[in-house]
Each structure stands twice: as structure tokens, then as C-alpha cells.
Undergrad: 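After the C-alpha cells below, expect a handful of questions from me.
Numbered from 1 within each chain, the chains take letters A, B, ... in sequence-line order.
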Amino acid sequence: MRKRDRREKKHRSGEIPTGSFSDIAFLLIIYFLVATTLVKVKSITADLPSGEKSSQTQSDKTPTINLKNDLIMFNDKRVDLAGLNERLSALDLPEQEADKRIILLESAKGTPYEVYFQALAAISANGGVVALVEDDK
Amino acid sequence: MVPVPIASMGDIAFLLIIFFLVCSEVAKDKTNLQVTLPNSEFVKKTKTAVAARVAIDADGVIYFDGARVENSKDVEWGVRAVLASTSTDDQRHVQFKCDAALPKETFEPVMKAIAEAGGIIEAVGEKNQ
């Protein structure tokens, strides 16, 4: 018995074995790298004013965009997306006063979100403030 | 033969793990929605943190922060509740995800509800290729 104890004591040391720590850590890193999905969300910002409509903001001169299915009309003239962007850009909206930056957005029933989104994006990118036109009930 | 010093490898590896853990942000969007996002050349990478997430799937079902809700009024109350504790404009951003094919009757009331509740809409889309 005594002989065995002596032999065991010979092999014991006071240090914690840390040799495999780096292997464990690198395995953890690889796990995180493989399991992680990077989400890249892209969006447009639209701060829609809320509240009741006022006659001051909806004057005849306020630029209006009408959407009907795939058709885009800017001030009652048919335009495509590039044309809409050009016309909005020509208004130089970022330099205008707050109430002159308003663009009315009117859409017919059934207008798909794709077209609506593109119009919103064009207005937002050109510094406009979107005002949604309510349907008359 | 000279042994390569590997004593600090463990430290380096654990530092890397801590770095990834601190820098990573856990996705809060619990809904794995099947939506076709609209395209535009003007979309940019969202930089601000969003206060809430509103989504409408291809069937017109509305979700608020991952939970299904009945109508746009529920969205309005939900956004109001979330924004009640905010103080700056940067905290008012609400992510809005909607299927590109949905008609106006489905998505516009929800957008109006977000606006009425004081949220700034972050409409999610994809960049034109």
C-alpha cells in the first residue's frame, strides 16, 4: 500500500492542466462562426406626419403623386420611376421650408406595396415629407 | 528543434470569443416570415436601433414584435406602449416589413397606425441589383 502511495505522489503536480484550453476555445470560436447568421437589414426612413389634414398643407401647388396599380403619376402626368426621381430632385426639397417639403401620396385601391415602397423611397431620398391622402368615405 | 510557444494561444482564443460575444447582437426578429421584399435603389443599411418590429406576411397576417395581432389598431396600441418610455426621435424608429405583392388596403392602415402612434417607419426593402 505504502509503495503505491509513493508512486502516485510522484506523478501528482500542483498545476492545472491547461494544454487543451486553446483547443476548446478555438472549437468554440469555430462553432460561433459557423452558427452565426449575419443579418443585413436595408430600409428607407419615412416619417409620416400624423393628425388631421389641413387646407394649408394641401393647397393646389402641393406636388402630388398618384399611384394606380403599376402606374405612377406626378402632378397628373404619367412618369416612370426615373422620371419621378428627376422631378422630385428638381424641386430641391432639402433647401425648402418644412411646409414646402410635403409631397402628397395618393394611391388607388389594389396598388401593390412594391410600387408604393418605390414612391416612398424616392420621396424620402429627395428630402420630401410624405403626406398620405385619405380615401373619401 | 525549437518548440513553438503555444502558452498564450488559449488566452488569445478566449479573448476572441469574448470579443465576438460582446460585439454580436442577437436577432430579435423571432418571426421567420416568408415575405418578398420590395426593391428600390434608395434603400440603405439601417443604422438606428428599432423600438419595435411590425411585419405583414404574404397572407396579410400582421405581426407585432413577433406576435400575431388582429388588426392595425393593435399595432397602434403596441407602438404607443413601446414609445411611451422613449424621449428622443432616434428611439421612435419602427421596422416595417411587408410583402411586395400586398395591396394598399392591407398595408396602408398599418403604416398609418405606426405614424399615428408616433413611430418613424423604417420600411425594409432590398437594393436593386
Undergrad: Asn85(A), Leu120(A), Leu28(A): which one forms the most heavy-atom pairs within less than 4.5 Å of chain B?
TA: Asn85(A)
Undergrad: Would you compute the distance between atom CD of Glu41(B) and atom CG of Leu81(A) and round it to the nearest 0.5 angstrom?
TA: 7.5 Å
Undergrad: Just wondering, more than 12 heavy atoms not from Asp76(A) lying within 6.0 Å of its CG?
TA: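 No, because the 6.0 Å sphere around CG of Asp76(A) holds 12 heavy atoms or fewer from other groups.
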Undergrad: Could you state whether Val35(B) and Val61(B) fall into the same hydrophobic cluster, counting links through intermediate Ile, Leu, Val, Met, Phe, Trp or Tyr residues with side-chain heavy atoms under 4.5 angstrom apart?
TA: yes
Undergrad: Among Ala25(A), Ser43(A), Ser22(A), who wins on heavy-atom pairs under 4.5 Å with chain B?
TA: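 Among Ala25(A), Ser43(A), Ser22(A), the one with the most close pairs to chain B is Ser43(A).
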Undergrad: Please test Lys45(B) against Val41(A) for side-chain contact (heavy atoms from CB on, under 4.5 Å), starting from the C-alpha separation and ending with a verdict.
TA: CA-CA 6 Å; Lys45(B) 199 178 168 191; Val41(A) 180; over 6 Å; no
Undergrad: Atom CG in Asp47(A), atom CZ in Arg92(B): separation rounded to 0.5 Å?
TA: 5.5 Å
Undergrad: Please report the interatomic distance NZ(Lys104(B)) to CD(Glu106(A)), rounded to the nearest 0.5 Å.
TA: 7.5 Å
Undergrad: Hey, which of Gly125(B), Pro103(B), Pro38(B) has the most heavy atom pairs under 4.5 Å with chain A?
TA: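 Sorted descending by pairs with chain A, the first entry is Pro38(B).
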Undergrad: So how far is it from Lys42(A) NZ to Lys127(B) NZ, rounded to the nearest 0.5 Å?
TA: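 Lys42(A) atom NZ to Lys127(B) atom NZ measures 7.0 Å (nearest 0.5 Å).
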Undergrad: Side chain, backbone, both or neither: which part of Asp99(B) has an atom under 4.5 Å from a heavy atom of chain A?
TA: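 When you check distances to chain A, only backbone atoms of Asp99(B) fall under 4.5 Å.
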Undergrad: Can you tell me which residue among His93(B), Glu122(B), Lys47(B) is in a side-chain hydrogen bond (donor to acceptor under 3.5 Å, both in side chains) with Thr45(A)?
TA: Glu122(B)
Undergrad: Using the rule that Ile, Leu, Val, Met, Phe, Trp and Tyr join whenever any side-chain heavy atoms are under 4.5 Å apart, tell me whether Phe42(B) and Val130(A) fall into a single cluster.
TA: no
Undergrad: Does Leu132(A) form a side-chain contact (heavy atoms from CB on, under 4.5 Å) with Lys112(B)? I'd like the steps, not just the answer.
TA: CA-CA 8 Å; Leu132(A) 302 180; Lys112(B) 279 180 183 166; 3.8 Å; yes
Undergrad: Spell out, as yes or no, whether a donor-acceptor pair under 3.5 Å connects the side chain of Glu114(A) to the backbone of Ala101(B).
TA: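 Not a single qualifying donor-acceptor pair exists.
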Undergrad: Same cluster or not: are Tyr31(A) and Phe21(A) linked, directly or through other Ile, Leu, Val, Met, Phe, Trp or Tyr residues, by side-chain heavy atoms under 4.5 angstrom apart?
TA: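 Per the 4.5 Å side-chain linkage, Tyr31(A) and Phe21(A) are co-clustered.
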Undergrad: Do you know which of Gly110(A), Ala125(A), Ala122(A), Ser20(A) has the most heavy-atom pairs under 4.5 Å to chain B?
TA: Gly110(A)
Undergrad: Phe96(B) and Val115(A): same hydrophobic cluster, using ILVMFWY side-chain contacts below 4.5 Å?
TA: yes
Undergrad: Identify which part of Leu33(A) has an atom lying under 4.5 Å from any heavy atom of chain B, answering side chain, backbone, both or neither.
TA: side chain
Undergrad: Please round to the nearest 0.5 Å and tell me the distance separating atom CG of Leu48(A) and atom CD of Glu116(B).
TA: 10.0 Å
Undergrad: Counting only heavy atoms not in Arg80(B), do more than 12 fall under 6.0 Å of its CZ?
TA: yes
Undergrad: Is there a continuous path of hydrophobic side-chain contacts, each under 4.5 Å between heavy atoms, that joins Leu105(A) to Ile72(A)?
TA: yes
Undergrad: Any idea which of Asp89(B), Leu102(B), Thr106(B), Thr46(B) has the most non-hydrogen atom pairs under 4.5 angstrom with chain A?
TA: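 The answer is Thr46(B).
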Undergrad: Name the option with the most non-hydrogen atom pairs under 4.5 Å to chain A; the candidates are Cys98(B), Ser40(B), Gly119(B).
TA: Cys98(B)
Undergrad: Testing the basics here: between Ala123(B) and Tyr113(A), what is the closest heavy-atom pair and its distance to 0.1 Å?
TA: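 Ala123(B) and Tyr113(A) have their closest heavy atoms at CB-OH, 3.6 Å.
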Undergrad: Please report the interatomic distance CE(Met111(B)) to CZ(Phe117(A)), rounded to the nearest 0.5 Å.
TA: 9.0 Å
Undergrad: Side chains of residues 4-23 of chain B: which donor-acceptor partners sit under 3.5 Å, not counting sequence neighbours?
TA:
none

